[in-house]
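To keep things clear, I will list the structure first and then write my remarks on it.
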Amino acid sequence: MKKLSKKERERIDEIIRRLIERYGGESRTYLEHNNAWQLLFATILSAQCTDARVNIVTKDLFRKYKTLEDFAGADLKEMEKDIYSTGFYHNKAKNIIACARMLLSEYGGEVPKELEKLIVLPGVGRKTANVVRGNIFDIPSIVVDTHVKRISKKLGITTTEDPVKAEFELMEVLPESVWIIWNLDVIALGREICVAGTPKCDRCFLADVCPSCKG
DNA sequence: CTCCCGATAT
DNA sequence: ATATCAGGAG
């Protein structure tokens with residue numbers, strides 16, 4: 001970890017402590033799934049879509065397509081209808097089918113745990129890959145989604161809008177034990193209080209340790 | 001950088 | 001009417 005001033009180290013540790021106190025310190029994804037490839041597909045579907053919507057769609061989707069072979073053999077147009085309400089449905093349907101086929105042809109139907117293997121799967125970037133690594137394989141992983149990008153910067157813990165740079169900045173400052181928790185708890189904070197539009201700083205439990213809070 | 005895109009909140 | 005949502009690819 002990067003060497004910080006004692007004061008800054010204590011500030012970040014206090015933020016972590018309060019996040020865990022409020023939202024929990026255990027790894028638990030918001031996307032419902034029963035196995036690795038289901039979480040992979042759910043995460044692909046979650047691009048620019050609420051996870052509440054994804055969970056509605058995957059409930060029926062995983063009942064209709066029960067195996068990887070079912071996904072690999074799916075009809076594109078029918079899959080587009082099945083996932084329509086998540087948006088970006090053409091790209092997502094195409095990617096999920098291609099992804100299923102690659103998992104079968106390249107990895108014997110198993111989801112690989114290596115970042116380099118995950119990010120070359122169709123529709124899978126660093127964010128999706130790190131969700132799978134953290135939640136399925138318990139590998140410490142920083143997941144930079146829209147909430148983590150926005151709130152980490154507001155808290156003065158990151159200095160950039162670039163998700164990859166933010167990922168490495170967070171790895172330098174957060175202990176490995178909270179990498180996954182940071183993502184999940186910051187999402188919770190982003191929904192309840194530090195919303196994208198007008199953040200509710202007046203009732204934020206991090207107000208006194210957040211440089212973006214004026215009050 | 002642009003494009004992909006429906007559902008929901010404001 | 002506009003902004004935003006567990007982003008990724010060209």
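This is a predicted model, so every value here is computed, not measured. Numbered from 1 within each chain, the chains take letters A, B, ... in sequence-line order.
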*Has Arg18(A) got its NZ or CZ under 6.0 Å from the middle of the six-membered ring of Tyr23(A), at an angle within 45 degrees of the ring axis?*
no
_Over 12 foreign heavy atoms within 6.0 Å of CD, Glu110(A)_ = no
*Is the number of heavy atoms from other residues, nucleotides or ligands within 6.0 Å of NZ (Lys94(A)) greater than 12?*
yes
_Give me the distance, rounded to whole Å, that separates dC5(B) from dT2(C) when you measure between the C1' atoms they each carry._
15 Å
*Which value, in whole Å, describes the distance between the P atoms of nucleotides dC4(B) and dA1(C)?*
22 Å
*Contact letters for nucleotides 5-10 of chain C, in which S counts primed atoms plus P, OP1 and OP2 and B counts the base, heavy atoms under 4.0 Å*: BBBSS-
*Bounds of contact between DNA chain B and chain A, in 5' to 3' order, using a heavy-atom cut-off under 4.0 Å*: dC4(B) to dT8(B)
_For the backbone of Gly73(A) and the side chain of Arg101(A), can you confirm whether one donor and one acceptor N or O come within less than 3.5 Å of each other?_
no
*asked:* Using only atom types and a distance under 3.5 Å, with no angle test, would you say the side chain of Asp75(A) pairs donor to acceptor with the backbone of Glu78(A)?
replied: yes
*asked:* Distance check, rounded to the nearest 0.5 Å: Gln38(A) atom CD versus Leu61(A) atom CG?
replied: 8.5 Å
*What's the spacing between Lys6(A) NZ and Asp13(A) CG if we round to 0.5 Å?*
12.0 Å
*Basic-acidic side-chain contact under 4.0 Å: Lys64(A), Asp60(A)*: no
*5' priority, DNA chain B, between Tyr89(A) and Lys200(A) [closest heavy atom]*: Tyr89(A)
